[in-house]
Amino acid sequence: MEYTPGNIEVKWRKQWVDSKLYQVDNESDRPKYYVLDMFPYPSGAGLHVGHPLGYIASDIYSRYKRLKGFNVLHPMGFDAFGLPAEQYALDTGIHPAVSTDNNITRYKEQLNNLGFSFDWSREVKTCDPDYYKWTQWIFTQLFEHYYDLAADKALPISDLVTEFEQNGNAEIQAATTQTEIFSAADWKGMSEKEQRDILMNHRLAYREIGYVNWCEELGTVLANDQVKDGVSERGGHPVVQKAMPQWNLRITAYAERMLDDLNDIDWSNALKTMQRNWIGRSEGAQLFFDIEDRDAQIEIYTTRPDTIFGATYMVLAPEHELVEQLTTEGQRKDIDDYLAYVQSRSEIDRMSDKQVTGAFTGAYAINTFTQKRVPIWIAEYVLIGYGTGAIMAVPSDDERDQRFATKFGLEIIPVVDKSDYPGATLDDKIGKIINSDFLNGMEVKAAIKAITERIEEMGIGRKQINYKLRDAGFSRQRYWGEPFPIVYDENDFAHAVELEDLPVVLPETDDFKPGKGGKSPLSRLEDWVTTENGYTRETDTMPAVAGSSWYYLRYMNPHNTESFASPQAINYWQDVDLYVGGAEHAVAHLMYARFWHKFLYDLGKVPTKEPFKKLINQGMIQGVIEFAYYHKSSGKFISEDIIDQYDVNELAQMPVHIDFVTDYGSEESYLSEEGIEQFKNWRPEYKNAEFVTAADSDRFLTKSEVGKMSKSKFNVINPDEVVETYGADVFRMYEMFLGPIEASKPWDIQGITGVSKFIRRFWDLFFKNGNLHLSDAKPTKAELKILHATIKKVGEDIERFSFNTCVSAFMEATNELRKLKCNKASILRPMVILLAPFAPYTTEELWQLMGENESVHKATFPAYNEAYLKEDEIEYPISINGKKRATAVFATDASKDAIEKAALELESIQKWLEGKTVRKVIVVPRRMVNIVVG
RNA sequence: GCCGAAGUGGCGGAAUUGGUAGACGCGCUGGAUUCAAAAUCCAGUUCUCGCAAGGGAGUGGGGGUUCGAUUCCCCCCUUCGGUACCA
């Protein structure tokens, strides 16, 4: 019988759906195992060969776990809200819901072609009201809770109100921006607005006016991680700071727990480090300095209080609230000029040239320890958002302070002697303290402890832990996202929408243009904005990370209408055992998901502290990028995400010209007329696109390189074509065969013939002259050895996610069985099961041809028998001084002495021993022999 | 700059606890089959000296530990990823 993957795939795909093969119950006597893929954003470009890499790996692992007797949850869904669909709608008028739906259909088809064992009955889409009802509900819970630092968990706001009414806030330790202390009487005397403002300062989801990254071009606010080098990550548009009321999530309340619990999860070092850096914990001291002739103090934060005797000046961030008050008349002009300069500096300027700039306020602080007057400066190198927005500058032991002091001629007093540590840099926290009174002679570490204690005794400051992590701006001025479950009353007080009124459904419109003054398109829909009881709705929508922060929980019980998932379902599935996805989500998504999970844990809604026990980042399959692209009329680069929304033909027809630059061959080759011709031959689908030639292209430069596969880079290889030619099983195995799952590698179709050959050869073991031809004869020792060695190897390699070596093992076994002309059912039957996770279609077909009725995917993974792997004899390498000179075969149970004696007598060894003395002979049984001569 | 990961034939990669470096596959070379090609099959393929037998070198570079190092330690170089005035 000929191997026809196309027919086999169609047949089994239907059969698997009809028999609900991959549907999984929330009850089982089998142990549970939850394998999750990061769900995709369904872009218009469809899948390329890079996408499925992680899905294939997780599918193999899921199938393996099923064969091993686990009840495996392996779901899939779509991260369906997001900016690209909205941008596409603005350009084409096609509603995001429509384009998203089309894209999802396409994705599902492509995913199914690859034979993934997803339980589609559990599919979730973040844009589905039945789903985002619960995204909104979790938001209302964040709104109704505060973080209690004493209990170290989230508690209801109502508890806080009770406490305020009874005791004021003196006893409360909470994650808050509230600094003033008030009594119960104070509280009761406050206006409703004052009370509500204080409560807002405590909520885990809170509204605050703040500076946000405003992108005029996109008409929206961007998260910090969506801004790169002062321009938007999508599109590369300029971003400026703008004051707007924003919803924020108090993720900083969870900083410490997110840091601590990293120790308990099985993630890569690289990823954990990234998260640790992002959280950016630092220990130090926060303290006040008096200001000369002023009734004010400067509060600063430092990690090096031990160097306080070297603090010869102070620096405030330009935006610091004291700047106005401190500036003397004589310095007024300097300061105003400097503030104007800072205003004029865009983010890009700040990033690209870090100049040493600043201005003197004219005021002096008193260094409490030296009693010297130290000048107070402002400078842009001090950031308003970190610590207290003010520093004590120690130019002797801080590189930035040193540069600054040198430029402006400020005093430098050395306070740390590092002569005992040659090679130590300025930043290293080592050395002996000098010129510092009672700290003199102490090591840095001891001095930090001593001075911090002294500061606390003196009542001028305290030990303080700071984090780089910022609270998360959660408002987006867009249409295509979850509406906030928030309404405002006539006093503009925010109220959470009650559960029975959820979801707040995203209203219909066909006008997706940004609203006026940075408002979302929803603000135009007046009927929707005003509720029945006269309240006003929040018109911003949530960012894309909202829906992806908890989707793994919804899969556990996706159709529940009473809660986000039933307690029984959550209790059964617990958490994700294996999470597979790209490293590009290392920070944002994984931080939010961990934060939400911990919050739900505090509420008693989930049983585990962490959502994802083990995480694997699959590498990217890269393409060769041959050119740059930009929007010709605006002269701006086009965001790849946005281009990905478009069909190839649409792109070619676009009034926006896509221009190509490349150094394929040489820098000019595609820029010349000839080069463009060459390119069009290579990619005929772009024959209608307009190209620029070298003369027009002086403003952009890009070289060819290996990089991300993306439609915008015109280097996409579509898996459908590969599947068409070779079959899904070959495609799956080839992607695994390319290399370790975590490594990135360029796609090269050439090698696929090796895998294709392998599958055909494996298939051919079962047939003779086109007919099934299996033997019931007893297997030989050699055949059993091949089988059992493969069972052992494949089982162990799957466990350690080494799928590329599994494929090698299959090839080896097949080659050997072929040499032995093995057609014995007792060997081939377990081989089919072994191969089933990798090649689900082919093995299912062979399994049925062997007369089985149940699916091979319900079989049991075979066990290996060590007895079959035993060798009678082992070939030993024999080395002289570590260099292999001969090999010799000895019985497995030969004694060390016997091996040593025999090895020394070998003719091929003897000649190396002539005239030398044997000093030592090392025999490692079953491994090797090394003879040391001299 | 800082943090992290990595560097092995012409190419993708293997070597799981320090024990025969280069498994498996691609490519290439030669052969079989064919009118021919594709496909398929067989053999060879780290470099280098040599007709061969047999030497020499070899896992980014330099040192070290060890009977023995791709693997452990120190220094340096390169590439990729993250991050960037965080006091």
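In what follows, chains carry the letters A, B, and so on, assigned in the order in which the sequence lines appear, proteins first and then strands, with residues in each chain numbered from 1. Quick caveat, the model's predicted, so the values are computed rather than measured.
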| Over how many whole Å does the gap from A/Lys429 atom NZ to B/A87 atom C1' extend? | 10 Å
| field | Nucleotide paired to B/U66 in any strand shown, Watson-Crick or G-U, under 3.5 Å | value | none
| remark: Paired to B/A52 by Watson-Crick or G-U wobble criteria (both distances under 3.5 Å) is none
| task | Go ahead and name the base partner of B/A23; Watson-Crick or wobble counts if both distances stay under 3.5 Å, otherwise write none. | result | none
| request: Give the rounded distance in Å between these two atoms: CD of A/Glu584 and C1' of B/A5. | output: 16 Å
| task | Could you tell me the separation between the OH atom of A/Tyr301 and the C1' atom of B/A87, rounded to a whole number of Å? | result | 8 Å
| query | Between B/U16 and B/G31, how far is it from one P atom to the other, in whole Å? | reply | 39 Å
| remark: By nearest-heavy-atom nucleotide on RNA chain B, the more 5' of A/Arg403 and A/Leu738 is A/Leu738
| query | Would A/Glu900 and A/Lys896 pass as an ion pair if we require N to O under 4.0 Å? | reply | no
| Which word best sums up how the rings of A/Phe803 and A/Phe801 line up, parallel for under 30°, tilted for 30 to 60°, or perpendicular for over 60°? | perpendicular
| query | How long is the line joining CD of A/Gln618 and P of B/C80, in whole Å? | reply | 21 Å
| query | Which of these, A/Asn930, A/Val929, A/Val923, sits in a side-chain contact (heavy atoms from CB on, under 4.5 Å) with A/Ile878? | reply | A/Val929
| said: Applying a 4.0 Å non-hydrogen cut-off, can you work out what A/Arg276 is touching in the nucleic acid: base, sugar-phosphate, or nothing? | reply: nothing
| request: Could you work out the separation of B/C47 and B/A52 based on their P atoms and round it to a whole Å? | output: 14 Å
| query | With both distances under 3.5 angstrom, what nucleotide forms a Watson-Crick or G-U wobble pair with B/U78? | reply | B/A6
| request: Could you check A/Tyr3 against A/Asp764 for side chain to side chain donor-acceptor pair (under 3.5 Å), going step by step and ending with a plain yes or no? | output: CA-CA 8 Å; A/Tyr3 178 62; A/Asp764 287 342; over 6 Å; no
| said: Checking contacts here: which listed nucleotide (B/G13, B/C86, B/U16) is nearest the side-chain heavy atoms of A/Lys793? | reply: B/U16
| field | Whole angstrom value for the distance that separates P of B/U40 from CZ of A/Phe767 | value | 19 Å
| remark: For B/U46, the nucleotide meeting Watson-Crick or G-U wobble distances (both under 3.5 Å) is B/A57
| task | Name the nucleic acid region contacted by A/Arg281, choosing base, sugar-phosphate or nothing; use a 4.0 angstrom heavy-atom cut-off, strictly under. | result | nothing
| CD of A/Glu907 to NZ of A/Lys911: how many Å apart, nearest 0.5 Å? | 9.0 Å
| Between B/U71 and B/U65 - C1' atom distance, rounded Å | 14 Å
| When rounded to the nearest Å, what value does the distance between P atoms of B/G19 and B/G12 take? | 25 Å
| field | Whichever of A/Thr303 and A/Lys819 has its nearest RNA chain B nucleotide further upstream toward 5' | value | A/Lys819
| task | Specify the separation, in whole Å, of atom NZ of A/Lys468 and atom C1' of B/C86. | result | 6 Å
| said: For a quick test of reading the model: is some side-chain N or O of A/Tyr386 closer than 4.0 Å to OP1 or OP2 of B/A87? | reply: yes
| request: Provide the distance between the two C1' atoms, one in B/G58 and one in B/G22, to the nearest whole Å. | output: 11 Å
| task | For B/G9 and B/C26, measure between their C1' atoms and round to the nearest Å. | result | 13 Å
| query | Partner of B/C41 by Watson-Crick or G-U wobble geometry, both contacts under 3.5 Å, or none? | reply | B/G31
| said: Could you measure the distance from the CD1 atom of A/Ile251 to the CE atom of A/Met591? Nearest 0.5 Å is fine. | reply: 5.0 Å
| request: Would you confirm whether the ring centroid of A/Phe810 sits within less than 6.0 angstrom of the ring centroid of A/Phe762? | output: no
| message | Taking the ring of A/Tyr338 and the ring of A/Tyr341, is the distance between their centroids below 6.0 Å? | response | yes
| Distance-only donor-acceptor check, side chains A/Asp471 and A/Thr252, under 3.5 Å | yes
| For atom C1', what is the distance between B/U70 and B/G13, given to the nearest Å? | 14 Å
| message | Return a single string for nucleotides 17-27 of chain B, one symbol per nucleotide in 5' to 3' order, where B is base contact, S is sugar-phosphate-only contact and - is none, cutoff 4.0 angstrom on heavy atoms. | response | --BB--BBSS-
| Using atom C1' of each nucleotide, how far apart are B/C72 and B/A57 to the nearest Å? | 24 Å
| Lys/Arg-Asp/Glu bridge criterion (N-O < 4.0 Å) met for A/Glu871, A/Arg926 | no
| request: Consider the side chain of A/Asp398, meaning its heavy atoms from C-beta on, and name the nucleotide among B/A87, B/G4, B/C85 that approaches it most closely. | output: B/A87
| task | Using ring-ring contact (aromatic ring centres under 6.0 Å, His included) as the criterion, list what pairs up with A/Phe890, not counting sequence neighbours. | result | A/Tyr876
| task | Using whole Å, report how far CG of A/Leu469 lies from P of B/G82. | result | 19 Å
| How would nucleotides 55-61 of chain B be written as a contact map, 5' to 3', with B for base contact, S for sugar-phosphate-only contact and - for no contact, using protein heavy atoms under 4.0 Å? | SS-----
| field | A/Arg800 and A/Glu796 ion-paired at < 4.0 Å | value | no
| Watson-Crick or G-U wobble partner for B/U83, using a 3.5 Å limit on both distances? | B/G1
| field | For B/G18, the Watson-Crick or wobble partner whose two distances fall under 3.5 Å | value | none
| request: Kindly point out which of B/G12, B/U83, B/A87 is positioned nearest to the side chain of A/Trp278? | output: B/U83
| field | Chi-angle category of B/G9 [syn within 90° of 0, anti beyond] | value | syn
| task | Nearest whole angstrom, please: distance from the P of B/A5 to the CG of A/Leu615. | result | 16 Å
| said: Students often get this wrong, so: under 4.0 angstrom with heavy atoms, is A/Arg800 touching a base, only sugar-phosphate, or nothing? | reply: base
